[in-house]
2 protein chains.
Amino acid sequence: MQLTPLTEAFILHFGEMGSRWGINRTVGQIYALLYVAERALPADEIAEILGFSRSNVSLGLKELQSWRLVRLQHLPGDRREHFSTLGDIWQIVRVLAEERRRREIDPTLSVLRELIMETPGSEADRYAQTRLREMHDLIELIMRWSEDVQKLDTADLVQLLKLGGRVVALLELKNRLPLIGRARAQREAPPVADPQSGPADMHEQELET
Amino acid sequence: MQLTPLTEAFILHFGEMGSRWGINRTVGQIYALLYVAERALPADEIAEILGFSRSNVSLGLKELQSWRLVRLQHLPGDRREHFSTLGDIWQIVRVLAEERRRREIDPTLSVLRELIMETPGSEADRYAQTRLREMHDLIELIMRWSEDVQKLDTADLVQLLKLGGRVVALLELKNRLPLIGRARAQREAPPVADPQSGPADMHEQELET
DNA sequence: TTGCTATTCCAGTAATTTCTGGAATTTCAA
DNA sequence: TTGAAATTCCAGAAATTACTGGAATAGCAA
């Protein structure tokens, strides 16, 4: 396999972006190459295409495997291991989100929890703890949300994303539903504040925002 | 100001986490310190507390200012500049999301767009372009969504997040609404696939998932 | 303007991270 | 079990990034 100017441009950009995140350039480039490759590639071929040493590629692939972002497969008649990315891009997003939660968010949340539990040694500590609690609660809220929507099937998820902020119109609507609907919703999500609930009838403009 | 064990633990952890992202440890620690500090701090005090050189702190503060994550203020009777973080944590999230979009996502999207526009030089290019298009469309969808919900006021946003995946129940509901509601929703969001629309009546279990 | 204080810039140094080649290990077919 | 091929590990080299002290600049009160 040979790099075309097009694939090369993508690989270089992706490597740069990777290095702005935690990922190093090599790993980013390897991933980018596999992402646009039509077939699974063996490590020595990756090394040759990208001009890295064989062992560097091995390291990078191990890293990507630990993130569950590349799969290993054996092709008949070839003893070498071949690597490829996940085919379904939504699956990639789900895996990435899960791994980031597991590696970065969860440890942070538990550090925050521990610190919030401690007996404050001073007024400064007491203030710091309120700030840490704010941060903890916010991260937890966002993470619960992301775990939750991640379980949706892709079609629903896409519909939800496309709806964007207009979804609050539906929330308004929900608050106006007959009691049977509201009772269920509240039983399932007790913490949701539900300050004013209007009448059950509905006018067109009330669907706005 | 003196670091207590509690604030020190937080600052150290935050610094480590920062260095897993693009942010370097120093910058992460400065931000963490300001985040838990009850009052705005001048640069020399930050340097003393964290044990960094004065110029390093200056660099870090400049970086944080460029992210709009710290504010500068002058206190009466003191010529030094004092720095503090944003008080409203939701505001912090909004600013962070905006800056990440501006610095990392937008440039990536435009690279992807350019590459997708190019005339493919080979079959491999053609395949690569379909993959790049998938990536482009996915990132754009998620970014549009995030821009959009970012405009919501905080109470609505929190309600939305707490609802999590159960929001699809509302989507189902929407699809069952009398025509006046559906017509509006479709006019506002034409690309949203809306395959089956049921009758306008509603049974309790149809609110599930 | 002058003098004082605060801030930023810069070049050199230190620390960290990345990368390499070769040695050791593993895997698998015969 | 053996040997050939593939993979991983590791210690040192290279490259990158972070940090420092001091010099230059800017800001402000007198």
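These numbers were taken from a predicted model, which means no experiment stands behind them. Per chain, numbering begins at 1; letters A, B, ... match sequence-line order.
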S.K.: Expressed as a whole number of angstroms, how long is the span from B:R25:CZ to D:dC19:C1'?
M.R.: 11 Å
S.K.: In terms of side-chain geometry, is the basic nitrogen of A:E48 or A:R54 positioned less than 4.0 Å from the acidic oxygen of its partner?
M.R.: no
S.K.: What is the separation between atom CD1 on B:I23 and atom P on D:dC19, rounded to the nearest whole Å?
M.R.: 13 Å
S.K.: Between residues 51-66 of chain B and DNA chain C, which residues have a heavy-atom gap below 4.0 Å?
M.R.: B:R54, B:S55, B:S58, B:K62
S.K.: Where does the chain B footprint on DNA chain C start and end, counting 5' to 3' with a 4.0 Å heavy-atom cut-off?
M.R.: C:dC4 to C:dC9
S.K.: Closer than 4.0 angstrom, basic N to acidic O: yes or no for B:E140 and B:R133?
M.R.: no
S.K.: Do the ring planes of B:F10 and B:Y35 sit parallel (below 30°), tilted (30 to 60°) or perpendicular (above 60°)?
M.R.: tilted
S.K.: For the residue pair A:W145 and B:W145, does the interplanar ring angle fall in the parallel (under 30°), tilted (30 to 60°) or perpendicular (over 60°) class?
M.R.: parallel
S.K.: Between A:W67 and A:R103, is there a cation-pi geometry (under 6.0 Å to ring centre, at most 45° from the normal)?
M.R.: yes
S.K.: Suppose we call a contact any N or O donor and acceptor under 3.5 Å apart; does that hold for the side chain of A:R79 and the base of D:dA5?
M.R.: yes
S.K.: Strictly below 4.0 Å, N to O, side chains only: are B:E38 and A:R131 in salt-bridge contact?
M.R.: no
S.K.: Strictly below 4.0 Å, N to O, side chains only: are A:R101 and A:E98 in salt-bridge contact?
M.R.: no
S.K.: Mind calculating the distance between NE2 (A:H82) and P (D:dA6) to the nearest angstrom?
M.R.: 10 Å
S.K.: Rounded off to whole Å, could you give me the CZ-to-P distance for the A:R80 and D:dA4 pair?
M.R.: 19 Å
S.K.: Does the pair B:E147/B:R144 count as a salt bridge with the N-to-O cut at 4.0 Å?
M.R.: no
S.K.: Between A:F83 (CZ) and D:dA6 (P), how many Å, whole number?
M.R.: 13 Å
